[in-house]
Each structure stands twice: as structure tokens, then as C-alpha cells.
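Single-structure report; data block below.
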2 protein chains.
Amino acid sequence: MVLTREALALSAFARAPLFAGLGQADLVDLAARFHPHHFARDEALFHEGHRAHAYYLMAEGRVKIIQTSVDGAEVILHLLGPGELVGALPNLDDGTYPGSAIALDDVSALSISPADFEALLELHPRLAINLLHYAAGKLRSVHSRLRELTTERAERRLARTLSRLAAQIGRGVEAGVLLDAPLTRQALAELSGTSLFTVSRTLKEWERQGVLQVGRERVVIVNTHALATLADDLPLPASHPQRPLPHA
Amino acid sequence: MVLTREALALSAFARAPLFAGLGQADLVDLAARFHPHHFARDEALFHEGHRAHAYYLMAEGRVKIIQTSVDGAEVILHLLGPGELVGALPNLDDGTYPGSAIALDDVSALSISPADFEALLELHPRLAINLLHYAAGKLRSVHSRLRELTTERAERRLARTLSRLAAQIGRGVEAGVLLDAPLTRQALAELSGTSLFTVSRTLKEWERQGVLQVGRERVVIVNTHALATLADDLPLPASHPQRPLPHA
DNA sequence: CGGGCTATTGAGACAGCTCAAAGCTAGTGG
DNA sequence: CCACTAGCTTTGAGCTGTCTCAATAGCCCG
């Protein structure tokens, strides 16, 4: 689908809670500073550590923000979709990208220079406040992941990751909720902080139990409630044997 | 040390980069909305999950922000000191505290109601922008921890935690850099995502190697460079060609 | 000088990782 | 339309870093 610059901007802006509360005149001012771009699947919008030359407002498609460790292991920090801002947030701090952004599918996005972006913030206080709220949400979600990583085991982390994804990118289909992005086992591992092998085994097991339906780069959540139970109530070791012997 | 309300406010405000760029008149407006409070060591400023009734600007002392999992395990999300804002950031999102704030020592802080705080943001655009930059920094640091937790092993995470603490709360003393807060092994474990036993063993080992000097609730970094090496260059399995050959 | 944290140390268990080897699946090009 | 191939997934078999548990020792304050 090809859109004119105007249409693209409008559609992106309309979806973005970031621009809520701004007047029409403000929106026109904003739109003038954004430039349309296109990225193919697997293409990088920018690379970790590079000096920031542009931020992006997503119009179509999804990107993942990843960080790579010295030995090549990757972690997915965020999945971002239409209406979301890519690269801007953590960059306000020191001007280098803290992660790389990779297109998960074909992506249309609107770019803006850091300088223009900062100017917009100064000119439109509403925008700064909206962005602050947005950042607050991100912070909250990253905090949760941080806690999960240190206190919960792989299986439950995966269940939580799937729940989160369902809320974020889930699409209702007849069998249940489809995670509407091409997610390999590897990607799920990088989101939940485990290995692709553990993900594969666990998904298979849940499919056997009727909780999910899995396929190549595809997960459908059949039993949302069961998944929530796995995410929240799953006891640490085995589940059944209650209490050894109270034996009065 | 007891300070008048005015003096307390001024000292806190002066330290806070949050208020950089604000005029004298603005500062007076701000100061009027804050109310002084005091908390003893181990006292909670607020509890996870509760509806936010106040945010705090730290004046003296330190607090830790923690999240607790169902089975009681804790994670320390942040350590916050003078000039920093406690509770406000992630709260802008949904109005409940995402973690609990506990005083590490005696704490003086200035409280402000969420409504007043939001009003300030509307009235003083500079403040929103400053806060945005501050949030960006937090986000960046949490992202790094997230990556470390999933890709690095306990020993290195601990080294990084110590480095980070040195930068944040380190105080030069004759033996090296003292971490200027009462940090138990347990607390270090909760900061680095490991167990207090692993922390104890590892610190002891590093003390043997002359990198640190450890005591009860006390760590002094003797060899900063060695610690940085441990944090960055430590290969996965064993590291040094220390292996004493049984015989040549 | 006792009581209560805090820290150390050893021994054992295990979740989840690593590695290796097929098995699938979806494109692609002849 | 069918082989071919590349990438994704599954499955099995160890291995080990780290946690758990238990017991002891040390330090500080009342």
C-alpha cells in the first residue's frame, strides 16, 4: 500500500496518543518536520551506539529494538508498532542510540531530526507531557520485566511474554488470539530472557495441553485463561503434592 | 541536621537538574507546593500497588525502590538520592505506585500531590522537558540492566552493579571508593539479580585478589580498573592463565 | 553479655543452557 | 509443478552455573 506523504502523516498522527490534545495548527506544524521513509524486512532503521541522526514515528509495520552483548547474544527491548515513536525516548539523554531498530516486516515511518524534535518539544508543551506519559508506561513495563527476570523461571516468563504480546499485538481470529507479527522461537527467547530451545519445548508442551496452537513464526493463544494461570499462579517446583504430612 | 522548610526546599532544588533553566519566580511557585517530610531508616515512603497520594523530591538520605514477587523475592529497581524525584515518573502512567520506596537511612523529602505535580508540568514546560530527559536516562539504564540480566552471568553482573554504584553513590576515601550507603549482601543481590550467597562468595574472592575491601554493609573499591575489567572483559568460563601446572 | 542481624562456607540439587543432529516449511528457480 | 535450499523448529543428551539449605561465625547495640 502506497500512501502520499500527507495521508501517511495523517494516519500516523491520528493513531498516536502522543499527539492527543494538539490543535490542528500544531499538527500541521508537526507534519511539516517529518519525512517519509520505507524499510524492508530485516533492514535496520539505526544501529546501537551510533550518533542519533533521526527519530521515527511508525506508520505501518513493526520494528524490534534490540541490544547486543559482546558475545553476540541479543535481547529485544521493545516491539513497536504504528503510532509509536522509535529512537527518540532514550536518546534525549545522550544522543546515541541505545539499541538497534530492526524492521520485522515492511515498515513505513516518518523521520524527524533530533534538533527538530527538541524544537517541537519546546514549542508544544502538550507534546512533552504526552511523551512523558508514554515514557512512564515504558518505564513501568520495563520494570516489570526486570523483576520477572530475576525472580521468575523461564516457563512463567514465557507465559507472561505471550500475554503481554497478546495485549499489544494480538488479533482475534476464530481459533483464538493470533500474535500478529512474525515471531520466531529465537525472538520469543529474546523477549522472555531464555533460549530458543526452552521456548520450543515449552510451546510444544502447551500446545499438547490445548493452551496454544503453534506454527512456524506463529502463535495462536487458544485458552487465554489457562495462559494467565501459567503466568500468575504457577508454583515454583512441581505443582500437585500439597503439604508433605501435617500428621496431627 | 534540621533545616527550615525554606532552606530544605532551596537545597533540594539547587541540586536537582530537574529544575535547571527555571526562573526564580517559577522556583517560588514550585516551592509553595512542596511539603517537608521525614522518614526513619526502613520506613516506607509508599507501597507498591497503592494509589499514588504523593510524590517526593529527595533532600537528604537515600531510598530504594523495590518490587516484590508473589513468593516474597525482592528486586531493587533504583537507588535514589538527593535531588531525585521519587514515585512520580512511572506513576504518570496509571496512578498506582509500581514499586515500594523504602528509606535506606534517615530521609528528608519534600512531598507534592499528583494533581499539583501535573499542574506544575502544565505551567512550566521547561520542567516537563527536564523530566523527560531524566526519564530518558532512567530508561537507558534500565535497558542496560535488562540486557545484562539475560546475557551475562552473575559474577559480571555484580561487577557492573558495583561500578554503577560507584558512579552513583561512590565517595572517595583513602583506601579507594566507598559505596556510601548501607548495602547488605542481600541488597547487592537484589540489585544484580542473584542470591546473597553468590554475592558473598564473589566479594570475598575479589577481596582476596585485592580488588575490594568488604565489611558489614560496606564495600570499598580498591582497584577500580580491575573491577572495570571484571565487568567488561571477563570471558565466559575461566579467565586467567592462573592454572598452576601440577608439574612442568 | 545476650540477642539479633549480617556474613561465611560447604554440600547437594536442578533448571535451563549448550551442542548436535534431524525434521519441517516456505520460497525460489528451473 | 517439482526439486532445491535456507532458515526455522524439534528433540535428545549431557553439563554446569547458580540456587537452596543448613550450620557456623562475627559484629553491633542495648
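In what follows, chains carry the letters A, B, and so on, assigned in the order in which the sequence lines appear, proteins first and then strands, with residues in each chain numbered from 1.
- Remark: C1' of C:dC5 and CZ of B:R41 are 10 Å apart, rounded to the nearest angstrom.
- Atom-to-atom, CD of B:Q186 to C1' of D:dT20 comes out at 13 Å; the value is rounded to the nearest Å.
- Phosphate contact (OP1/OP2 of D:dT11, side-chain N/O of A:R201, threshold under 4.0 Å): absent.
- Here A:T184 does not reach the OP1 or OP2 of D:dG7: none of its side-chain N or O atoms lies under 4.0 Å away.
- At whole-Å resolution of the value, CZ in A:R156 and C1' in C:dG16 are 17 Å apart.
- What separates CG of A:L149 from C1' of D:dT18 is a distance of 16 Å, to the nearest Å.
- At a threshold of 4.5 Å between non-hydrogen side-chain atoms, the residues B:Q168 and B:H78 do not count as touching.
- Rounded to whole Å, the distance from CG on A:L188 to P on D:dT10 is 11 Å.
- Comparing D:dC21, D:dC19, D:dT11 against the side chain of B:S195 picks out D:dC19 as the nearest.
- Among the protein residues, B:R208 comes within range of the sugar-phosphate backbone only, with heavy atoms under 4.0 Å from sugar or phosphate atoms but none that close to a base.
- Closest to the side chain of B:L196, out of C:dT8, C:dT9, D:dT9, is C:dT8.
- At a threshold of 4.0 Å, the pair B:E48-A:R147 does not count as salt-bridged, since none of the basic side-chain nitrogens sits closer than that to a carboxylate oxygen.
- At a threshold of 4.0 Å, the pair A:R145-A:E148 does not count as salt-bridged, since none of the basic side-chain nitrogens sits closer than that to a carboxylate oxygen.
- Proximity of A:R185 to the phosphate of D:dC8: no side-chain N or O atom is located under 4.0 Å from OP1 or OP2.
- One can place CZ of B:R153 at 15 Å from C1' of D:dC19, the figure rounded to the nearest angstrom.
- Each of C:dG16, D:dC21, C:dA7 was ranked by its minimum atom distance to the side chain of B:E217; first place goes to C:dA7.
- Salt bridge status for B:R160 with B:D232: present, with a side-chain N to carboxylate O gap under 4.0 Å.
- Picking from C:dG16, D:dC8, D:dT10 the nucleotide with the shortest atom distance to the side chain of A:A154 gives C:dG16.
- In this structure, B:K204 places its NZ atom 11 Å from P of C:dA7, rounding to the nearest Å.
- Between A:S200 and D:dT10 there is a side-chain N or O to OP1 or OP2 distance below 4.0 Å.
- Two residues, A:R216 and A:G193, neighbour DNA chain C, and the one matched to the more 5' nucleotide by heavy-atom proximity is A:G193.
- In this structure the side chain of A:R185 reaches within 4.5 angstrom of the side chain of A:V214, judged on heavy atoms.
- For the pair A:T198 and C:dA15, the criterion of a side-chain N or O lying under 4.0 Å from OP1 or OP2 is not met.
- For B:F197, the listed nucleotide lying nearest its side chain is D:dT20; candidates were C:dT18, C:dG16, D:dT20.
- Residue B:E155 contributes atom CD, which lies 12 Å from atom C1' of D:dT18 at whole-angstrom precision.
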